[in-house]
Protein chains: 2
Amino acid sequence: MSGADHEKIAEVLRDEIRAQVWKVGERLPSEPELISRFGASRSEVRQAIATLRDSGLAQLRHGIGALVAPPRVVHRLEARERLSRDRRDRNEAAFLGEAVAQGFAATSSVRVWFEPAQEFAGTFGIEEIDEVCVRDRIMFADDHPVMLAVSRLPRQLTAHTALERQDTGPGGVHARLAELGHPVTEHQEVVTAAMPEEHERRALGLSGGPLLLVRRTSWSGDRVVELNDMKLPGHSGELRYRWGAE
Amino acid sequence: MSGADHEKIAEVLRDEIRAQVWKVGERLPSEPELISRFGASRSEVRQAIATLRDSGLAQLRHGIGALVAPPRVVHRLEARERLSRDRRDRNEAAFLGEAVAQGFAATSSVRVWFEPAQEFAGTFGIEEIDEVCVRDRIMFADDHPVMLAVSRLPRQLTAHTALERQDTGPGGVHARLAELGHPVTEHQEVVTAAMPEEHERRALGLSGGPLLLVRRTSWSGDRVVELNDMKLPGHSGELRYRWGAE
DNA sequence: GAGTGGTCTAGACCACTGA
DNA sequence: CAGTGGTCTAGACCACTCC
């Protein structure tokens, strides 16, 4: 069987949060309060709260308390929408348009560097020592980091172009690729989930819970022109794919 | 800052697992051994191991030990592939074909029941008290449970048809729907990640780590004919979507 | 400073596994 | 049975936040 005490405590608190005993953003009872209420030890109470945190119901703030987490603010990413030429032309790259459409103030910060292709060489059909252009981005919605994205392109394509600048200009990476004669013709996204590592937790300001990992491969004809590894919080992120039945 | 002791311990062990100090399936050192090796308390050692478990590197077996987890056995689910008419006709429903294609012995068990539509009424365009047919499935690959799927269809469509039997026959649910004059014309999948609840952990034989949650909505014309909620382990499952750029 | 959560320790007892 | 992990307790000290 299972049914440890900390799970029962978590269950009670979960029900109370759902019943709105405390409003969003309000503090749950402190650890000492919960200890005396449930007659449990501190570790049990803490584990119960950790469960709530991992399931996205609570946020922990050191020195303040455990707060009722806001409901899933969904940073939807709709596959076709977010990459359509249409949106791209009139607006912005990938994610940003989606966030803006939902009323967030979307910003991003970018670091760009170059490194040997190494394990990505095969994918791009280049040598391991050939360089790739790495674009490491953090996306913010209303100042909250909501996505990490590391994009790699073969430097053969990017050398001396806007693709190696921080700001790739209107329409982003894909618009520039198209201008350079490498329009993206096909995308694939592979989605998995994982627990964040320490640096990811920090970068995304997560207190707990899983990550959604997306690896997008973009082809121009037979050639892979971009590999984009995206990470977003499983609790607030949502990926949406739509297609016609064949 | 962060950098708690248990994280350093986890890091060391993670590196050693990756360096194959122990082979897949072998036991990590026991808790007492790790305690003396790292000079840490039991809780620190246990938390380090829990981290490894959550990141999919170790499996815990009560009374036995912590085993090095097998590498990601990917139960790929390719969106278009797995729902194409082609595969459906010559073979099997959804997931099964995919598992078989990878050399797993795929089986599934099904429970079927009926209940008021309730919160699903709006989606199906029926009344809350109208019944839906619920098909609750567990998919196995080589006897390991790898996916939970709860599918709902308005009973108006399923009454007195094979859709209410455990075995819906060749081609599965979608083939029957097509025969009944409701061919699925469009799919949407919404993907999120979450930590498993107790019953999900048990049903999937998980010791830890996140879940991938997929809600698939299938339309026949303007009408939603099926809602399918799927849950699969984030460590072994992988969703794959591919589409042409527009 | 008082109150909060974050980390850590030492020790207890229970439940499961395998010889 | 001995050895393993699972749960729980009581208490310590630290780090952060707010007044």
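Hydrogens, waters and symmetry mates are skipped; everything else that's a heavy atom, side chains included, is used. Just so we're on the same page: letters track the sequence lines, and every chain starts at 1. No experiment lies behind these values; they were computed from the predicted model shown.
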Engineer: To the nearest Å, how far apart are L28(A) CG and dG3(C) C1'?
Structural biologist: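 One finds 16 Å between C1' of dG3(C) and CG of L28(A), rounded.
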Engineer: For the side chain of R202(A) and the backbone of E197(A), is there at least one donor-acceptor N/O pair under 3.5 Å apart?
Structural biologist: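 Such a contact is absent between R202(A) side chain and E197(A) backbone.
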Engineer: Are there over 12 heavy-atom neighbours, none belonging to Q20(B), within less than 6.0 Å of that residue's CD?
Structural biologist: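 Not buried by this count: 12 neighbours or fewer within 6.0 Å.
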Engineer: Could you check whether S43(B) gets within reach of a base, just the sugar-phosphate, or nothing at all, counting any heavy atom under 4.0 Å?
Structural biologist: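 Here S43(B) touches the bases of the nucleic acid.
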Engineer: When the nearest nucleotide of DNA chain D is assigned to I64(A) and to R42(A) on a heavy-atom basis, which residue is associated with the more 5' position?
Structural biologist: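 The answer here is R42(A).
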Engineer: Has R135(A) got a side-chain atom pairing as donor or acceptor with R165(A)'s backbone, closer than 3.5 angstrom?
Structural biologist: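 Flag set: sc R135(A) to bb R165(A) pair under 3.5 Å.
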Engineer: For the pair made of CG in L67(A) and P in dG3(C), what is the distance, rounded to whole Å?
Structural biologist: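 So the CG-P distance, L67(A) to dG3(C), works out to 19 Å.
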Engineer: Heavy atoms under 4.0 Å, any strand shown: does R46(A) hit a base, just sugar-phosphate, or nothing?
Structural biologist: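 It contacts base atoms.
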Engineer: How long is the line joining CG of L60(A) and C1' of dT7(C), in whole Å?
Structural biologist: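 Distance check: L60(A) CG to dT7(C) C1' gives 14 Å.
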Engineer: In whole angstroms, how far is the C1' atom of dG3(D) from the CG atom of L34(B)?
Structural biologist: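 Between C1' of dG3(D) and CG of L34(B): 15 Å.
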Engineer: Are any of H6(B)'s side-chain N or O atoms less than 4.0 Å away from OP1 or OP2 of dT7(C)?
Structural biologist: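 No, outside the criterion.
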Engineer: Among dT9(D), dA15(D), dC8(C), which is the nearest nucleotide to the side chain of S41(A)?
Structural biologist: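 Between dT9(D), dA15(D), dC8(C), the one nearest the side chain of S41(A) would be dT9(D).
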Engineer: Stacking between H62(B) and the base of dA15(C) (centre distance under 5.5 Å, interplanar angle under 30°)?
Structural biologist: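 According to the criterion (under 5.5 Å, under 30°), yes, H62(B) stacks.
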Engineer: What's the CD-P distance between E44(B) and dG11(C), to the nearest Å?
Structural biologist: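 Interatomic distance, CD of E44(B) to P of dG11(C): 16 Å.
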Engineer: dT4(C) P sits how many Å from E31(A) CD, rounded?
Structural biologist: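 Atom-to-atom, E31(A) to dT4(C), this comes out as 9 Å.
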Engineer: Take the protein atom CG of D5(B) and the nucleotide atom P of dC14(D), then report the distance between them rounded to whole Å.
Structural biologist: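 Checked: the CG to P distance equals 14 Å.
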Engineer: Just by modelled atom types, is the V134(A) backbone N or O under 3.5 Å from a matching donor or acceptor in the R111(A) side chain?
Structural biologist: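 No; judged by distance alone, with no hydrogens or angles, the pair does not exist.
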Engineer: Quick one: I35(A) CD1 to dG3(C) C1', roughly how many Å, whole number?
Structural biologist: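 Rounded to the whole Å, the gap is 13 Å.
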Engineer: Name the residue from R152(A), H187(A), H174(A) that meets the side-chain hydrogen bond (donor to acceptor under 3.5 Å, both in side chains) definition with E226(A).
Structural biologist: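 Among the candidates, only H174(A) passes.
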